[in-house]
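All remarks here apply to the structure that follows.
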Amino acid sequence: MLDEPRSGRLAAWGNALLAGLVPPDDAAERIAEGDTVHRVTGLPGEEGPVGLTLALGRLRALGATGLRVALPVPGHPLGLSGPPEFNARAIVAEEAVTACGVALGLVPEVHEAGPEGDVHVEVVWHCMAVRDAPPADVPSLGEAERELAQALREATELLAKLDVAGSGPVADAALAAYRARAEAGRQLLAPGYPPRAVRVLELAQKVGALIRIAEGPGGDGREHGAAVSSSQIAARREALRPVERTARRAQVAAYNAAVEERERRAP
């Protein structure tokens with residue numbers, strides 16, 4: 001969830017659309033990215049599932065002025081404000097989007113089918129009522145950037161201490177893949193976002209890449225580095241938890257920056 005969550009793409013390009021900076025079809029295409037199809041179900045005024053273009057238009061007609069991201073996990077409802085039904089579904093998905101100006105939220109449900117190399121991915125966004133209240137534990141962009149700088153230092157030191165950094169072909173490949181994406185100049189955020197948000201999101205994703213290297217492909221820490229016993233793996237995971245939490249908070253701050261910027265400028 002520290003790479004590019006679908007909720008991040010939906011919020012970023014949805015915000016650009018709501019601000020009149022991109023046309024609806026372009027926004028829908030960028031949100032779907034490599035997925036086969038995205039649909040939204042449960043929208044007020046719609047009897048069944050609808051496509052992204054219609055859904056974003058419907059949200060705007062209902063009064064939505066912006067979209068915010070939530071990246072919760074059990075024990076940390078980051079970006080959520082309730083009610084419990086919405087929070088529970090969002091925590092299972094580990095992501096969600098909430099609308100500003102209308103008390104609605106969207107949680108993705110991903111369905112995959114087909115053989116490796118030809119996987120059909122369908123995403124269904126469940127639209128649900130949300131509580132009109134401040135989201136939980138969301139930092140400002142400046143706060144997130146300061147926290148991230150410290151987290152990056154801590155992650156690098158920790159990986160070196162655990163004999164992880166640069167160890168093994170899989171670790172090398174993971175770092176190379178991250179660098180290739182960064183060097184390709186991919187557009188991390190949609191039009192309308194401040195440069196600082198792009199910088200924070202890129203740094204958060206770099207921290208996420210380091211965390212994935214430490215955890216290994218299976219998430220058990222056995223692929224990289226010297227920690228092989230269950231107690232060592234548990235210690236590594238515990239040491240990385242606050243770093244991962246900081247990176248998720250920074251991602252939320254970056255994706256929400258366009259909305260925060262508009263609200264600061266509003267009279």
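Being a predicted model, the structure only gives us computed values, none of them experimental.
- Checking side-chain atoms of Asp137 against main-chain N and O of Gly79 turns up no donor-acceptor pair under 3.5 Å.
- Evaluation of the side-chain contact (heavy atoms from CB on, under 4.5 Å) rule for Val110 yields Arg6, Glu112, Val121, Val123 as partners, not counting sequence neighbours.
- Within the 3.5 Å criterion, the main-chain N or O of Ile31 finds a donor-acceptor partner in the side chain of Arg9.
- Under the rule for a side chain to side chain donor-acceptor pair (under 3.5 Å), the partners of Glu147 that lie at least two apart in sequence or sit in another chain are Arg249.
- Leu62 CG to Cys127 SG: the interatomic distance, rounded to the nearest 0.5 Å, is 8.0 Å.
- Taking the charged nitrogens against the carboxylate oxygens, Glu261 and Arg264 do have a contact shorter than 4.0 Å, which makes a salt bridge.
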Original post:
Would Val252 and Leu78 satisfy side chain to side chain contact (heavy atoms under 4.5 Å, CB included), going step by step from the backbone distance to the final call?
Top reply: CA-CA 8 Å; Val252 170; Leu78 175 62; 3.7 Å; yes
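- In this structure, the side chains of Val40 and Leu106 come closer than 4.5 Å at one or more pairs of heavy atoms.
- In this structure the side chain of Glu94 never reaches within 4.5 angstrom of the side chain of Pro72, judged on heavy atoms.
- Hydrophobic cluster membership differs between Val198 and Leu10, with clusters built from Ile, Leu, Val, Met, Phe, Trp and Tyr side chains linked at under 4.5 angstrom.
- Counting heavy atoms from C-beta outward, His38 and Trp125 have side chains that approach closer than 4.5 Å.
- The backbone N or O of Val22 sits nowhere less than 3.5 Å from a side-chain atom of Asp26 that would complete a donor-acceptor pair.
- The distance from the OG1 atom of Thr246 to the CD atom of Glu143 is 10.0 Å, given to the nearest 0.5 Å.
- Leu67 is not connected to Val124 by any chain of hydrophobic side-chain contacts under 4.5 Å among Ile, Leu, Val, Met, Phe, Trp and Tyr, and they are in different clusters.
- In terms of modelled atom types and a separation under 3.5 Å, the side chain of Thr41 and the main chain of His126 share no donor-acceptor contact.
- Grouped with Val107 in one hydrophobic cluster are Leu80, Phe86, Ile91, Met128, Val130, the linkage being side-chain heavy-atom contacts under 4.5 Å among Ile, Leu, Val, Met, Phe, Trp and Tyr residues.
- Other members of a hydrophobic cluster containing Val259 are absent, since no ILVMFWY side chain comes under 4.5 Å of it, directly or through relayed contacts.
- When side chains are defined from C-beta on, Gln205 counts as touching Gln251, because their heavy atoms get closer than 4.5 Å.
- A donor-acceptor pair under 3.5 Å links the side-chain atoms of Arg248 to the main chain of Leu71, judged by distance alone.
- Ala250 meets the side-chain contact (heavy atoms from CB on, under 4.5 Å) test with Ala144, Leu148, Val200, Ala204; sequence neighbours excluded.
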**OP:** Would you check, one step at a time, whether the test side chain to side chain contact (heavy atoms under 4.5 Å, CB included) holds for Val73 with Arg245?
**Re:** CA-CA 9 Å; Val73 295; Arg245 182 187 183 106; over 6 Å; no
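- Proximity of Pro84 to Arg131: side-chain heavy atoms (C-beta onward) are separated by under 4.5 Å at one or more points.
- Taking the side chain as every heavy atom from C-beta outward, Ser81 and Thr98 never approach each other to under 4.5 Å.
- No chain of hydrophobic side-chain contacts below 4.5 Å, direct or via other Ile, Leu, Val, Met, Phe, Trp or Tyr residues, connects Val69 to Trp13.
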**OP:** Check the pair Asn15, Tyr255 against side chain to side chain contact (heavy atoms under 4.5 Å, CB included), reporting the backbone distance first and the verdict last.
**Re:** CA-CA 10 Å; Asn15 282 328; Tyr255 283 121; over 6 Å; no
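- Side-chain atoms of Pro44 and Leu104, non-hydrogen and from C-beta on, do get closer than 4.5 Å to each other.
- By the neighbour-count criterion of 12 heavy atoms within 6.0 Å, atom CD of Glu109 is densely surrounded, having more than that number from other residues, nucleotides or ligands.
- Using a 4.5 Å heavy-atom threshold, the side chains of Thr36 and Glu122 count as separate.
- Ala257 meets the side-chain contact (heavy atoms from CB on, under 4.5 Å) test with Leu141, Tyr193, Pro194, Ala197; sequence neighbours excluded.
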